[in-house]
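Worksheet: one structure, shown below.
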Amino acid sequence: MTVIEINNLKKSYHPGKLAVNDVSLSIAKGESLGLVGESGCGKSTLARCLLGVEKVDGGSIIYNERSLANASRKALRDYRRNVQTVFQNPTAALNPKLKIKDSLLDPFLQFQDELQLEHFHFSSKQAFVEQLLETVELPKELGDRYPHELSGGQKQRVTIARAISIEPKLIVLDEPTASLDVLSQGAILELLASLQETLGMSYLFISHDLAAVHQLCQRIAVMKDGEILDVFQRDNIYDNSRHDYTKELISIF
Ligand code: ADP
Ligand code: MG
């Protein structure tokens, strides 16, 4: 089953130059699709188009068999709930004035009435927050702290907990480990893999780090200058049929 389909997507910031150039991709239920490519190739632009924060200049995004372009308000809200995100910088993603528990509860309170929780259960705010913290392997006392009292890795766990709290179908992860030290990077990748196994959502995992993508993702798309050059199953990465640019990326990883 396909969770999301992108067809011939185009996005331009400057006339005559496409940051995203005719990109088509689809992501299956429970799948982790890696998107790899050098800095500036258009990965974040593609992510922002998917998240609806950037207006597209062509092509379509299909969710639930319908194009977002002519979706109803209700369908867009449903999309907004089901497509969550985790960005590179967890400090910027958390309101410094809110206790961790209040940041964690924010999406749940927004979508409470539309949720049919399968994996989490809500009996009280306190219990819900504790369950989320436990799921991302953080001590439950952290709920009463402020973001500045947490390490980068802990803050990223909080933003992951917040993204999964409303049981989305897809999480767009844009360089989620890039701001972390190497040890935390590995731990976050392991956490993401184990959450996917237990919760079953799909990932679009964006990184310039082919090794990280190879570790987490079953399928890998290679982007360059706004275009997708190559898409392949992880196990076929060393195939001779890979695009020359992919071979170049492999040679440095
Ligand atoms: P990546 O995430 O792969 O590093 P980006 O999507 O951030 O790439 O950038 C793709 C291209 O679009 C780059 O040339 C970048 O300079 C340009 N770009 C990104 N965001 C903007 C913006 N808000 N305004 C103008 N140009 C942008
Ligand atoms: Mg980027």
Side-chain angles (χ1 to χ4, degrees), residues 4-27 32-61 68 80 83-94 152-153 155-156 159-160 162-163 168 170-182 184-186 188-189 192 202-217 219-232 234 237 242-253:
I4 200 166
E5 194 182 309
I6 304 162
N7 293 317
N8 308 102
L9 203 75
K10 292 190 180 78
K11 171 69 194 176
S12 165
Y13 297 108
H14 308 288
K17 189 171 184 317
L18 285 165
V20 170
N21 187 358
D22 208 22
V23 165
S24 299
L25 284 172
S26 72
I27 304 175
S32 186
L33 175 70
L35 179 62
V36 70
E38 65 201 34
S39 180
C41 74
K43 306 181 298 297
S44 295
T45 301
L46 179 60
R48 291 200 301 270
C49 289
L50 264 183
L51 295 165
V53 293
E54 203 81 75
K55 206 175 132 301
V56 307
D57 295 312
S60 57
I61 298 168
L68 286 189
R80 222 160 40 81
V83 181
Q84 290 295 307
T85 185
V86 172
F87 289 114
Q88 175 171 345
N89 183 347
T91 306
L94 294 171
K155 279 185 275 197
Q156 199 58 303
T159 71
I160 292 169
R162 187 172 60 178
L170 171 71
I171 305 183
V172 177
L173 302 134
D174 191 355
E175 309 255 11
T177 61
S179 70
L180 308 176
D181 62 82
V182 176
S184 314
Q185 286 182 7
I188 293 285
L189 285 177
L192 289 170
S202 309
Y203 290 149
L204 175 62
F205 179 76
I206 299 176
S207 179
H208 61 269
D209 179 356
L210 185 60
V213 166
H214 189 258
Q215 184 182 333
L216 185 69
C217 303
R219 209 154 55 94
I220 301 172
V222 176
M223 193 169 190
K224 187 172 196 294
D225 299 333
E227 293 179 69
I228 300 294
L229 296 186
D230 207 358
V231 187
F232 51 90
R234 167 173 50 197
I237 191 169
R242 299 276 63 81
H243 194 284
D244 283 345
Y245 183 70
T246 307
K247 290 182 187 162
E248 217 176 286
L249 285 178
I250 295 168
S251 72
I252 54 170
F253 122 85

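No experiment lies behind these values; they were computed from the predicted model shown. Position 1 is the first residue of the sequence; numbering continues from there. As the structure lists them, so they are numbered: ligands from 1, and atoms in each ligand from 1.
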>> Closer than 4.0 Å to some heavy atom of Ser44 - which atoms of ligand 1 meet that?
In response: 1 (P), 2 (O), 6 (O), 7 (O)

> Which ligand 1 atoms are under 4.0 Å away from a heavy-atom of Ser39?
Replying inline: 4 (O)

>> My understanding is that we take every heavy atom of each candidate and find the minimum distance to atom 14 (O) of ligand 1. Doing that for Gly40, Gly37, Cys41, which one comes out nearest?
In response: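 Selected option, by shortest heavy-atom distance: Gly40.
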
> Is the Mg ion (ligand 2) less than 2.8 Å from at least one N/O/S atom of Thr45?
Replying inline: no

> When you look at Glu248 and Ser251, which way does the side chain to side chain donor-acceptor pair (under 3.5 Å) test go after all the steps?
Replying inline: CA-CA 5 Å; Glu248 217 176 286; Ser251 72; over 6 Å; no

> Can you list the steps and then say if Glu175 with His208 is a side chain to side chain donor-acceptor pair (under 3.5 Å)?
Replying inline: CA-CA 8 Å; Glu175 309 255 11; His208 61 269; 2.8 Å; yes

> In the protein, which heavy atom is nearest to atom 9 (O) of ligand 1, and how far is it?
Replying inline: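 For this ligand atom, the closest protein heavy atom is Thr45 OG1, 3.9 Å.
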
> Closest non-hydrogen protein atom to atom 19 (C) of ligand 1, residue and atom name please, with distance?
Replying inline: Tyr13 CE1, 3.4 Å

>> Under 3.5 Å between any N/O of Ala19 and any N/O of ligand 1: does that happen in this structure?
In response: no

> Is Lys17 in polar range of ligand 1, meaning some N or O pair under 3.5 Å apart?
Replying inline: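 Checking ligand 1 against Lys17, no N or O pair falls under 3.5 Å apart.
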
>> With side chain to side chain donor-acceptor pair (under 3.5 Å) as the criterion, how do Asp230 and Thr246 come out once you've worked through the C-alpha distance, each side chain's angles and the decisive distance to 0.1 Å?
In response: CA-CA 7 Å; Asp230 207 358; Thr246 307; 2.7 Å; yes

> Quick one: does atom 16 (O) of ligand 1 have a protein heavy atom under 4.0 Å from it?
Replying inline: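 Given the 4.0 Å cut-off, atom 16 (O) of ligand 1 does not count as touching protein heavy atoms.
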
> Is at least one protein non-hydrogen atom found at under 4.0 angstrom from atom 22 (C) of ligand 1?
Replying inline: yes

> With a 4.0 Å cut-off on heavy atoms, does Gly42 reach ligand 1?
Replying inline: yes

>> Is there a side-chain contact (heavy atoms from CB on, under 4.5 Å) between Val23 and Asn8? Walk through the geometry before answering.
In response: CA-CA 5 Å; Val23 165; Asn8 308 102; over 6 Å; no

> Is the shortest heavy-atom distance from the side chain of Ile220 to the side chain of Val231 under 4.5 Å?
Replying inline: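 In short, these two side chains do not touch, never coming nearer than 4.5 Å.
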
> Do Phe205 and Val213 have side chains that get closer than 4.5 Å, going by heavy atoms?
Replying inline: yes

> Does Asp174 come within less than 4.0 Å of Lys43, counting only side-chain N to carboxylate O?
Replying inline: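 Judged by the 4.0 Å cut-off on N to carboxylate O distance, Asp174 and Lys43 do not form a salt bridge.
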
Which donor-acceptor pairs under 3.5 Å do side chains of residues 221-228 form with protein atoms, sequence neighbours excluded?
none

>> Checking contacts here: is it the side chain or the backbone of Arg48 that comes within 4.0 Å of ligand 1, counting heavy atoms only? Could be both or neither.
In response: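 It is the side chain that gets close, since no backbone atom is under 4.0 Å.
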
